[in-house]
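Let me begin by presenting the structure, written as structure tokens, before commenting on it.
In what follows, every heavy atom counts, from backbone to side chain, and hydrogens, waters and symmetry copies are set aside.
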Amino acid sequence: MVKATRPRQQGLAATAARWHGARMEAPTPETVAADVARINADGFVVVDALLSPAEVAECRAALGPELAREHFGRNPFEGLRTQRVYSLPSVAPIFARLVEHPRVLAILDAFLAPNYLLTAAQAICIHPGEAPQSVHYDDSFYPFPRPRPAISLATIIAVDDFTLENGATEVIAGSHRWGDDLPDGTVSAGDFAQRSRFGHGTVGEANTLMRAAATPSAGDPRLRPTVMPAGSAIVFLGTLWHRGGANRSRAPRLAVSTQYCEPWARQQENFTLGIAPEIARTFSPRVQELLGYSIHPPFMGHIGGLHPKRRLADD
């Protein structure tokens, strides 16, 4: 033991008023060094009390209306008893603040190139009866051979306590160093087929139907649950093999996940289209850059030869 819905976009007045709340505390150099050393050794680190009880409560309250819609996953990987809420920065200001949490950014600075991007920001609510997810690693869709440095890093932040019974994330320590051989019961990018829905097959869209994959053994000794209280988080490399656990409890298990990628890699979520400019204007400059309103030298990300932040300028 290791110690889909469309976001609701808030009114501009409420968003701007709450954005300028208390900033999250910066870590000491010694704390960052310890975090980085643990990730290098195991592929992950568990961070106690990343969020305060008040911030956890704010996350829960903001997600309440989204989760009330009870939209569940479309396949076993998403989770047939799992709810996901995407583009979290547009849902409430707490999530925009969370995206630039200084302790997380300090870790990212050690593993990713400058100008790295936010690639995904979602809430994950695993309901009772959900089966264990297939074992996978997050950046398998970047087609580079392993072992290799991670192209992305992720956080999973507990909004509810993570327990042995309610679907705590399960990780395989040291698996970030594995090669390309796929263990039994794993899922990779190749398990998601392409299906054309436009024209005569010249334009494709990722299929939501996953090809069948064997379920890992529930007793696999390599998988260790991340048991942690609400407000704590696991931060891990995109090359670490892991899965969401089965929820055998009587209550849902809610978490928030932010993922970040190298500045030259394509993002999973298209935030510049998914978050309205009038909402993005209320975010801090750093959050805007993480969303994609940035340039990676010499000119990756420009719009007509100009900096994309010009799109956020007030008319």
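- Clustering ILVMFWY residues whenever any of their side-chain heavy atoms sit less than 4.5 angstrom apart, transitively, puts I94 in the very cluster that holds L105.
- Residues I151 and W264 are in side-chain contact: their nearest non-hydrogen atoms beyond the backbone lie under 4.5 Å apart.
- Contacts classified as salt bridge (Lys or Arg N to Asp or Glu O under 4.0 Å) and involving residues 114-132 (residues at least two apart or in different chains) are not found.
- When every heavy atom of L164 is checked against every heavy atom of P225, the shortest pair comes out as CD2-CG, 3.5 Å.
- Taking the six-membered ring for Trp and the full ring otherwise, the centers of H307 and H302 sit at least 6.0 Å from each other.
- Ion pairing between a basic and an acidic side chain is recognised when a charged N comes within 4.0 Å of a carboxylate O; E289 and K309 show such pairing.
- Taking hydrophobic clusters as Ile, Leu, Val, Met, Phe, Trp and Tyr residues chained together by side-chain heavy-atom distances below 4.5 Å, F271 does not share a cluster with I295.
- Scanning both residues, D138 and A154, for their nearest heavy atoms gives OD2-CB, 3.8 Å.
- Scanning all heavy atoms of the two residues, the minimum distance from L312 to A280 falls at CD2-CB, 3.9 Å.
- The main-chain N or O of L118 is found under 3.5 Å from a side-chain atom of Q267 such that the two form a donor-acceptor pair.
- Here the OH-CZ distance, from Y260 to F111, works out to 15.0 Å after rounding to the nearest 0.5 Å.
- In the hydrophobic clustering of this structure, I275 groups with V287; members are Ile, Leu, Val, Met, Phe, Trp, Tyr whose side-chain heavy atoms approach within less than 4.5 Å, directly or through other members.
- Q133 places a side-chain N or O within 3.5 Å of a backbone atom of G244 that can act as its donor or acceptor partner.
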Derivation and outcome, side chain to side chain contact (heavy atoms under 4.5 Å, CB included), residues I156 and F162: CA-CA 11 Å; I156 297 178; F162 277 29; 3.9 Å; yes
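- With Q122 contributing its side chain and R84 its backbone, the two residues share no donor-acceptor pair below 3.5 Å.
- Side-chain atoms of E269 come within 3.5 Å of backbone atoms of A121 as a donor-acceptor pair (strictly under, hydrogens ignored).
- In this structure, CD in Q288 is found 8.0 Å from OG1 in T282, a value given to the nearest 0.5 Å.
- A donor-acceptor pair under 3.5 Å is formed between the side chain of N247 and the backbone N or O of I126.
- In this structure, the side chain of D42 does not engage the main chain of G174 through any donor-acceptor pair within 3.5 Å.
- Pairing each heavy atom of L51 with each of M24, the nearest pair is CD2-CE, 3.9 Å.
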Run the side chain to side chain contact (heavy atoms under 4.5 Å, CB included) check on I234 and V45 step by step: do they pass? CA-CA 6 Å; I234 179 172; V45 65; over 6 Å; no
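- A chain of hydrophobic side-chain contacts below 4.5 Å, direct or via other Ile, Leu, Val, Met, Phe, Trp or Tyr residues, connects V47 to L112.
- H242 and H136 have tilted rings, their planes meeting at an angle from 30° to 60° on a 0 to 90° scale.
- Surrounding CZ of R38 are at most 12 heavy atoms belonging to other residues, nucleotides or ligands under 6.0 Å away.
- In the hydrophobic clustering of ILVMFWY residues, with side-chain heavy atoms under 4.5 Å counting as a link, Y293 and L117 come out apart.
- Listed by first and then second residue, the ring pair (Phe, Tyr, Trp, His ring centres under 6.0 Å) pairs involving residues 113-135 are F72-H127 (not counting sequence neighbours).
- Closest approach of I279 and S90 over heavy atoms only: CG2-CA, 4.3 Å.
- In R148, the CZ atom is crowded: over 12 heavy atoms of neighbouring residues, nucleotides or ligands sit closer than 6.0 Å.
- Judged purely by atom type and a 3.5 angstrom limit, N166 has no side-chain atom pairing as donor or acceptor with the backbone of A251.
- Distance alone, capped at 3.5 Å, places no donor-acceptor pair between the R103 side chain and the L50 backbone.
- Y137 carries R146 over the face of its six-membered ring, with the cationic atom under 6.0 Å from the centre and within 45° of the normal.
- Using a distance-only test at 3.5 Å, with no hydrogens or angles considered, no donor-acceptor pair links the side chain of T119 to the main chain of Q259.
- Side-chain atoms of T169 never come within 3.5 Å of backbone atoms of T226 as a donor-acceptor pair (strictly under, hydrogens ignored).
- The shortest non-hydrogen separation linking L240 to S175 is CD1-OG, 3.3 Å.
- No side-chain heavy atom of P308 sits less than 4.5 Å from a side-chain heavy atom of S294.
- Residues passing the salt bridge (Lys or Arg N to Asp or Glu O under 4.0 Å) test with R177: none are found, sequence neighbours excluded.
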